[in-house]
Amino acid sequence: MNIFYELAFSFLKIGFFGFGGGFAMIPLMQNAAVYQSGWLTSSQFGAAIALGQVTPGPVAISATFIGYKVAGLPGALVATVAIFTPSLLCMYLLEKFYLKVRGNEITQAIMHGVLPVVAAIILTAAISLARQSPHYFWQTAVIAAVAALAISRRVSYGLLVAGSMAVGILMAFVRV
Amino acid sequence: MDRENPREPEGKKRGGLFAVLPSNQGPPTLWKIVRVWLKIGTIGFGGGYAVLDLIHSELVVRHQWISEQRFENMTALSEMGPGALTVNLMAAIAYRLGGVPAMVMATLALILPSFLLIVALAGVFLAWENNPFVKSAMEGLTAGVVGLLIAVVWDMAKRIPRHWCCFSVGIAALVLGLAFPVNPIWLVLMGGLTGAARVWLEPLFTKRAAKGESGHQKVGK
């Protein structure tokens, strides 16, 4: 199959099933880009997510990185359009049927069932991301520090990501 | 002073259902919407709730294109849609302001800055992938992302409804995801079905329980 169709199909699927916020898409992208197709190595996928955090805008923009890696600029375009189209379609429908959906017991119940699953699959993705990168002690320290600071909500996500990159660069100096 | 006074009650009314647009402003033009969305897409670092504050200050406080009440309703609605909360919210607001064309154009404007930046960064990263500094920076970044993901899971776990059904479906998803190479989409579907089944099945149980209780009471009497 044409690589562009493959990209479009994969990311449409991810966009449609990414319930529970942008972070919910990370495990879906990991499954599609690393495990199913082998488009990216695990550490490249880590970079894709990390760069998606460095940029303004949503996490889903990591799809652009994956598309770019697979098929250059056209690939980046296809992946980006594909991952955001389901969002737009669903928001259009939700807006249309707003009053019906709002107080609906079933929609609420479905979201209540989805939430724990999303938490679980994000945790799974975090574990496999942590497992694949080479283990240095400082990485464990960064993981713990970032998690603690992010939970306390004292530091913004953007600063935390920039800080952990700075630690990484410093560590390169230490090793060299 | 004369001009200030008649505005007082209007200010007090704001936040009510009908205070969607202040009277001195018509609906924004497509060009204006695109410009504001482009701005938010450029400075919206940090994701999630940080960006939610930015959107609120731009659209509700500064431009007053939507009311406080509607902003809250739309945020709740956006949480139901798949994908990033901010993209959903911004798309829904743009649709309210200017229909489907505004929705599409504004979303493109919102994503464009990140798109350009990440294509540039991807180019640099893929060209310098084996440079020890780039490698080490990425190792730091990946560790940071793992930390963020743990924090996200923590926040989500706190919002899980206190019900054995929700906890068991979460634990089942975790075990299945760790033990087998299962596509997470199936797990999400499983969660949704469990949630729906709970609503369909629970009335049966509660009815039976209620009947049993009333029966007991009668026996007791």
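Each chain gets a letter, A, B and so on, in the order its sequence line appears, and its residues count up from 1. Any value given below was found using the heavy atoms of this structure, including those in side chains, with hydrogens, waters and symmetry copies removed.
For the atom pair CE (B:M156) and CD1 (A:I122), the distance works out to 4.0 Å, reported to the nearest 0.5 Å. Distance check: A:Q53 CD to B:I118 CD1 gives 9.5 Å after rounding to the nearest 0.5 Å. A:I106 CD1 to B:W200 CH2: the interatomic distance, rounded to the nearest 0.5 Å, is 5.0 Å. Summarising the geometry, atom CG belonging to B:L178 is positioned 8.5 Å from atom OG belonging to A:S128; distances are rounded to the nearest 0.5 Å.
For chain A, no part of B:V134 is nearby; none of its heavy atoms comes within less than 4.5 Å. Contacts of B:T107 with chain A are made by side-chain atoms alone, with heavy-atom separations under 4.5 Å and no backbone atom involved. Only the side chain of B:L126 has a heavy atom closer than 4.5 Å to any heavy atom of chain A. Within the 4.5 angstrom heavy-atom criterion, atoms from both the backbone and the side chain of B:S78 approach chain A. Residue contact with chain A, scored on non-hydrogen atoms closer than 4.5 Å, involves the side chain of B:V87 exclusively. Both the backbone and the side chain of B:F115 come within contact range of chain A, each with at least one heavy atom under 4.5 Å from a heavy atom of that chain. Only the side chain of B:L189 comes within contact range of chain A, judged by heavy atoms closer than 4.5 Å. For A:I127, the part lying under 4.5 angstrom from a heavy atom of chain B is the side chain only. Proximity to chain A (any heavy atom under 4.5 Å) is shown, for B:N183, by both the backbone and the side chain.
In terms of non-hydrogen atom pairs under 4.5 Å with chain B, the most contact-rich of A:A125, A:A60, A:G72, A:A76 is A:A76. Put simply, of A:I14, A:L170, A:L123, A:V167, the one with the most heavy-atom pairs under 4.5 Å next to chain B is A:L123. When each of B:I185, B:L117, B:L187 is scored by its heavy-atom pairs under 4.5 Å with chain A, the top score falls to B:I185. For the set A:G21, A:G20, A:C90, the count of heavy-atom pairs under 4.5 angstrom toward chain B peaks at A:G21.
Under the 3.5 Å distance criterion, the side-chain polar atoms of B:E139 are left unmatched by any main-chain donor or acceptor of A:G168. A donor-acceptor pair under 3.5 Å is absent between the side-chain atoms of B:T194 and the main chain of A:G113, judged by distance alone. Of the possible donor and acceptor atoms, none in the side chain of B:T142 sits under 3.5 Å from a partner among the backbone N and O of A:L129.
Among B:V153, B:D155, B:L149, the one residue that satisfies the side-chain contact (heavy atoms from CB on, under 4.5 Å) test with A:F23 is B:L149.
No side-chain heavy atom of B:Y95 sits less than 4.5 Å from a side-chain heavy atom of A:M91.
Identified by a heavy-atom distance below 4.5 Å to chain B, the contributing residues of residues 140-149 of chain A are A:V142, A:I143, A:V146, A:A147, in residue-number order.
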